[in-house]
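All values below come from the heavy atoms of this structure, side chains included, with hydrogens, waters and symmetry mates left out.
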Amino acid sequence: MQWVREPLGDICREGKGRIQTGPFGSQLHESDYSADGTPVVMPADIVDGKVAVTRIARVTESHVERLKRHKLAKGDIVYGRRGDIGRQALVRDENIGWLCGTVCLKISLGDSPLISEFLHRYLSTKAVVSWIEGQAVGAAMPNLNTGILERVPVFYPKDKTTQKKIAAILSAYDELIENNQRRIALLEKMAEEIYREWFVRLRFPGHEKMKKVKGVPEGWEIDRVDSIGKIVTGKTPSTDNPRYFGGPYSFIKTPDMHGNIFIVETEEMLSQNGLDSQPSQTIPRGSICVSCIGTGGIVSITTSECQTNQQINSVVVRNPSDLEWAFFTLRNLREAIQMFGATGATMTNLSKGKFSSLKILRPNKSIVLKYHALVNPIFVQMQSILQQTMILRSTRDLLLPRLISGKLSVEHLDIQFPPGMEESACV
């Protein structure tokens with residue numbers, strides 16, 4: 001199998017494609033954006049190789065028409081050109097006709113010998129991202145331009161079917177990961193809906209027969225957060241001592257908690273020395289972490305002995321059977337955390353004392369035990385699926401550089417291509 005190395009710009013020109021910058025700021029102003037309309041893809045919208053629409057900006061049809069040269073077609077790649085180098089997304093069916101944003105670059109391969117699915121994977125490898133970072137302009141805020149992307153050396157097999165096989169293998173892992181994420185989301189929604197039915201709407205088993213005192217079921221009481229367990233405020237070990245970092249213990253920061261009920265991996269790790277340097281900050285497995293500085297009210301559960309930074313207050317749950325009820329109860333305090341810890345328009349800074357004294361509605365023990373018996377198996381299943389997802393992601397990331405460099409041969413593999421790849425597999 002012949003593999004070749006060519007600059008990305010030459011590959012695009014060969015297929016009559018191009019690399020172009022999104023509209024300039026003078027062409028698309030902040031006042032042009034609207035609540036409805038066609039999405040405009042910015043770097044912040046690029047997450048895990050796809051375009052996220054949660055907070056995406058939009059423009060009306062009149063702006064789309066005048067900016068039509070920036071429209072995205074299937075197979076284009078949108079690459080963020082400012083800040084966090086390496087953010088790039090493959091344009092899929094659902095993104096067709098959207099616009100490339102002002103701080104992005106659009107890569108269109110045209111009818112080149114390189115397929116977009118392969119290039120998308122190639123651009124995500126650490127070696128390529130590092131090469132591009134080294135070419136970026138600016139120290140404080142790295143910037144890319146069309147010239148830098150055009151010079152990216154691309155190593156690829158001339159045979160398109162081989163390219164598609166490589167992309168299909170990696171896509172299969174992505175599909176399994178996405179399926180797991182959907183399963184976790186459904187299980188979480190199920191557990192939360194039962195919580196709301198029992199502890200918010202107060203339609204728990206036997207509620208019809210229970211008296212209420214001032215709107216609260218008899219035997220329930222208004223209590224404080226610290227009644228759930230011991231409150232531990234995190235702290236960062238001295239960064240001047242490298243021996244404190246790089247070990248087996250998770251060091252949790254707020255970004256590690258986003259979108260995760262369970263914290264199974266963190267960006268930064270502590271050594272035994274780091275853990276021992278501040279033993280009072282160590283929290284056990286099954287503790288509930290709550291962000292109280294910065295983005296307030298993010299809640300996650302630890303899965304191992306660990307520590308957190310100072311932005312997080314953790315609740316070391318006193319009764320293990322309280323865990324699931326306490327998790328959703330603390331997550332329901334998000335608005336209170338942001339309100340009582342408000343220091344500005346978007347900044348939260350809630351002290352340990354104020355967090356500890358926030359009020360909660362504590363049910364009687366028998367209802368909490370029933371909820372635990374019903375929901376604990378769901379939590380166990382979610383954690384198991386999350387562990388599977390970690391293994392899938394790790395395996396995919398190990399395979400990526402070996403497949404994309406040709407070290408693992410796929411020529412003789414009989415692979416079922418995803419529907420979107422089948423048509424061009426034999427081109």
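Within the 4.5 Å cutoff, no side-chain heavy atoms of Q163 are placed close to those of K158. Residues L8 and L109 are in side-chain contact: their nearest non-hydrogen atoms beyond the backbone lie under 4.5 Å apart. S238 places a side-chain heavy atom less than 4.5 Å from the side chain of Y244. Within the 4.5 Å cutoff, the side chain of Q307 has no heavy atoms near those of the K235 side chain. Proximity of T21 to N145: side-chain heavy atoms (C-beta onward) are nowhere separated by under 4.5 Å. Contact check for V137 versus P142: no side-chain heavy atoms found under the 4.5 Å cut-off. Residues P39 and R58 form a side-chain contact, since some pair of their non-hydrogen atoms from C-beta on lies under 4.5 Å apart. Using a 4.5 Å heavy-atom cutoff, the side chains of F355 and V315 are in contact.
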Pairs under 3.5 angstrom only: tabulate donor-acceptor contacts from the side chains of residues 388-397 to other protein residues two or more places apart or in another chain.
residue : atom : partner : partner atom : Å
T389    : OG1  : N180    : ND2          : 3.2
T389    : OG1  : I385    : O            : 2.9
T395    : OG1  : I391    : O            : 2.8
R396    : NH1  : D174    : OD1          : 2.6

Please output the side-chain donor-acceptor pairs of residues 402-409 that fall under 3.5 Å, not counting sequence neighbours, one pair per line with the distance.
residue : atom : partner : partner atom : Å
S405    : OG   : P401    : O            : 2.7
S405    : OG   : R402    : O            : 3.3

Between side-chain atoms of residues 246-259 and protein atoms elsewhere (two or more places apart, or another chain), which donor-acceptor pairs fall under 3.5 Å?
residue : atom : partner : partner atom : Å
Y249    : OH   : Q272    : OE1          : 2.6
K253    : NZ   : E268    : OE1          : 2.7
D256    : OD1  : E267    : N            : 3.2
D256    : OD2  : K253    : N            : 2.9

Donor-acceptor contacts under 3.5 Å from residues 89-97 side chains, at least two apart:
residue : atom : partner : partner atom : Å
R92     : NH1  : G49     : O            : 3.2
R92     : NH1  : L90     : O            : 3.0
D93     : OD1  : K74     : NZ           : 3.1
N95     : OD1  : R92     : N            : 3.0

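Pairs passing the salt bridge (Lys or Arg N to Asp or Glu O under 4.0 Å) check and including a residue from residues 293-314, sequence neighbours excluded, do not occur.
Surrounding CZ of R55 are at most 12 heavy atoms belonging to other residues, nucleotides or ligands under 6.0 Å away. The local environment of CD in E193 is crowded, with over 12 non-hydrogen atoms from other residues, nucleotides or ligands closer than 6.0 Å. Open room surrounds CZ on F340; 12 or fewer heavy atoms of other groups in view lie less than 6.0 Å from it.
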Q: Applying side-chain contact (heavy atoms from CB on, under 4.5 Å), run through V59 and V64 and close with a yes or a no.
A: CA-CA 7 Å; V59 292; V64 175; 4.0 Å; yes
Q. R334 and I298: side-chain contact (heavy atoms from CB on, under 4.5 Å), yes or no, with the steps?
A. CA-CA 7 Å; R334 183 167 188 172; I298 308 299; 3.5 Å; yes
Q) Hey, mind stepping through T329 and Y195 against side-chain hydrogen bond (donor to acceptor under 3.5 Å, both in side chains) and telling me if it holds? A) CA-CA 9 Å; T329 296; Y195 172 87; 2.9 Å; yes
Q | Intermediate values then yes/no, salt bridge (charged side-chain N to carboxylate O under 4.0 Å, His left out), K164 and D159 | A | CA-CA 9 Å; K164 288 189 174 293; D159 177 52; over 6 Å; no
Q.
Applying salt bridge (charged side-chain N to carboxylate O under 4.0 Å, His left out) to E192 and R196, what does each step give before you reach the verdict?
A. CA-CA 6 Å; E192 185 171 18; R196 292 194 174 281; 3.5 Å; yes
Q. Could you go step by step and tell me if R87 and E133 meet the salt bridge (charged side-chain N to carboxylate O under 4.0 Å, His left out) rule?
A. CA-CA 11 Å; R87 284 180 183 253; E133 284 178 337; over 6 Å; no
Q.
Between S124 and V129, does the side-chain contact (heavy atoms from CB on, under 4.5 Å) criterion hold? Intermediate values first, please.
A. CA-CA 7 Å; S124 70; V129 172; 5.8 Å; no
(Q) Applying side-chain hydrogen bond (donor to acceptor under 3.5 Å, both in side chains) to E14 and S112, what does each step give before you reach the verdict? (A) CA-CA 6 Å; E14 185 177 345; S112 79; over 6 Å; no
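Taking all atoms of both residues into account, the shortest heavy-atom contact from I228 to A326 is CG2-CB, 3.8 Å. The shortest heavy-atom contact between L114 and K160 is N-CE, 4.4 Å. Nearest approach of W131 to R151, heavy atoms of both residues: CH2-O, 3.5 Å. Taking both residues in full, the closest heavy atoms of T102 and F24 are given as CG2-O, 4.1 Å, listed atom of the first, atom of the second, then distance. Closest non-hydrogen pair, I378 versus L187, comes out as CG2-O, 3.5 Å. When all heavy atoms of I288 and F327 are compared, the closest pair comes out as CD1-N, 3.7 Å.
A donor-acceptor contact closer than 3.5 angstrom links the side chains of D76 and S108. No side-chain donor from either of Q311 and S291 sits under 3.5 Å from a side-chain acceptor of the other. No donor-acceptor contact under 3.5 angstrom links the side chains of N309 and T236, judged on distance only.
For W3 and F155, the distance between ring centers is under 6.0 angstrom.
Interatomic distance, CZ of R224 versus CG of L358, reported as 9.0 Å (0.5 Å rounding). Here CH2 of W198 is found 13.0 Å from CZ of F328. Values are rounded to the nearest 0.5 Å. Distance check: S227 OG to I222 CD1 gives 10.5 Å after rounding to the nearest 0.5 Å. Between C306 atom SG and Q281 atom CD the span is 12.0 Å, to the nearest 0.5 Å. Separating the OG1 atom in T38 from the CG atom in L72 is a distance of 10.5 Å, to the nearest 0.5 Å. Interatomic distance, C292 SG to N313 CG, rounded to the nearest 0.5 Å: 4.0 Å.
Electrostatic pairing of K71 and E65 does not count as a salt bridge here, judged by no charged N lying under 4.0 Å from a carboxylate O. Looking at E178 and K50, a side-chain N of the basic residue comes within less than 4.0 Å of a carboxylate O on the acidic one, giving a salt bridge.
Taking the six-membered ring where tryptophan is involved, the planes of F199 and W220 are tilted, since the angle between them lies from 30° to 60°.
Evaluation of the side chain to side chain donor-acceptor pair (under 3.5 Å) rule for R182 yields N179 as partners, not counting sequence neighbours.
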